[in-house]
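Everything on this sheet refers to the single structure shown next.
We use all heavy atoms of the structure for the numbers below, so side chains are in, but hydrogens, waters and symmetry mates are not. Predicted, not measured: the structure shown is a model, and the values here were computed from it.
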Amino acid sequence: MRILLAVALCTLAFGAGAQVYRWTDDQGRVNITGTPPPPSAKDVKKLEGGTSYSQPAAAAESASSAQQPFALQQAQSKYPVTLYTVPNCEGCNAARTLLNARGIPFKEVSLTEAGQMDEFKKTVGGNTVPAMIVGSTVQKGFEDSAYHSLLDAAGYPATGALPPRNQTQPAAAAPNLPEVKPAAAAEPEKASGPYAPGGDSPPPKPKKKK
């Protein structure tokens, strides 16, 4: 009995003294681990006292995930949504409003620094905002039906199936990005990707001469 008690006390002591890390991955998901995060991790925070911090946080995230519909969990896992915007952009505001109204969880990246442009253009393949990425599919500009088609194809629940969200634009200073080109809401660029809506249809085959 004394041996078992000693082992239990040692286990608790190790858990309480272990270093716990809270960090955000490239897809905007918050992770809590007992090992150092990868070099690409963002917003890394060290939490002292592993038992007292990590268990409640992990339980809270599990409870939050359990409350989400299975279809949403599946779509979010396979095809996470990222929205690139700039402040004072009509199309960006419309894109954010659509995602919130449909109840889609998304990560928003507000382009306000010149240093963000290289990564943005490499990821999106241009300098047009707003730009929504669903999984690996990019939709440049904003057009209501194109956004809904892309989300439908990724398996996200239909409009009305989820409660609306109220995610707001990230707080940031006014951008100084002459390279960014806000797209007109009525003239979006076509999406590119494995299930891009509105893509070009193959050219018709030439008719055989009789």
**Request:** Please assess Lys140 against Val129 for the test side-chain contact (heavy atoms from CB on, under 4.5 Å), listing each intermediate value before the final yes or no.
**Result:** CA-CA 7 Å; Lys140 303 175 188 177; Val129 291; over 6 Å; no
**Prompt:** Between atom CE of Met132 and atom SG of Cys92, what is the distance when rounded to the nearest 0.5 Å?
**Reply:** 12.5 Å
**Request:** Quick one: list whatever passes side-chain contact (heavy atoms from CB on, under 4.5 Å) with Thr123, sequence neighbours left out.
**Result:** Tyr84, Glu119, Ile133
**Message:** If the condition is side-chain contact (heavy atoms from CB on, under 4.5 Å), which residues does Thr168 pass it with, not counting sequence neighbours?
**Reply:** none
**Fill in**
With sequence neighbours left out, the residues meeting side chain to side chain donor-acceptor pair (under 3.5 Å) with Asn100 are none
**Asked** Just how far is it from atom CD of Gln167 to atom OG1 of Thr97, taken to the nearest 0.5 Å?
**Response** 11.5 Å
Result block: side-chain N/O donor-acceptor pairs under 3.5 angstrom for residues 151-162, not counting sequence neighbours:
| residue | atom | partner | partner atom | Å |
| --- | --- | --- | --- | --- |
| Asp152 | OD1 | Arg102 | NH1 | 3.2 |
| Asp152 | OD1 | Arg102 | NH2 | 2.5 |
| Tyr156 | OH | Tyr79 | O | 2.5 |

**Asked** Is there a side-chain contact (heavy atoms from CB on, under 4.5 Å) between Arg165 and Leu99 once you walk through the steps?
**Response** CA-CA 8 Å; Arg165 295 168 55 87; Leu99 292 171; over 6 Å; no
**Message:** If the condition is side-chain contact (heavy atoms from CB on, under 4.5 Å), which residues does Pro164 pass it with, not counting sequence neighbours?
**Reply:** none
**Distance-only side-chain donor-acceptor flag, Gln169 / Thr85, under 3.5 Å** = no
**Asked** Any idea which heavy atoms bring Gly126 and Phe120 closest together, and the distance?
**Response** O-CE2, 3.7 Å
**Item:** Atom of Ala95, atom of Tyr147 and distance for their closest heavy-atom approach
**Value:** CB-CE2, 3.6 Å
**Message:** Is any side-chain heavy atom of Lys107 closer than 4.5 Å to one of Val81?
**Reply:** no
**Message:** I want to check something: taking the side chain as every heavy atom from C-beta on, are His148 and Leu150 in contact at a cut-off of under 4.5 Å?
**Reply:** no
**Message:** Please report the interatomic distance CD(Glu90) to CZ(Phe142), rounded to the nearest 0.5 Å.
**Reply:** 10.0 Å
**Message:** Could you check whether any side-chain N or O of Gln76 sits under 3.5 Å from a backbone N or O of Pro105, counting only pairs where one atom can act as donor and the other as acceptor?
**Reply:** no
**Message:** Under the side chain to side chain contact (heavy atoms under 4.5 Å, CB included) test against Pro87, which residue among Leu111, Asn93, Thr112 passes?
**Reply:** Thr112
**Asked** With distance as the sole criterion, is a donor-acceptor pair present between the side chains of Glu143 and Ser145 under 3.5 Å?
**Response** yes
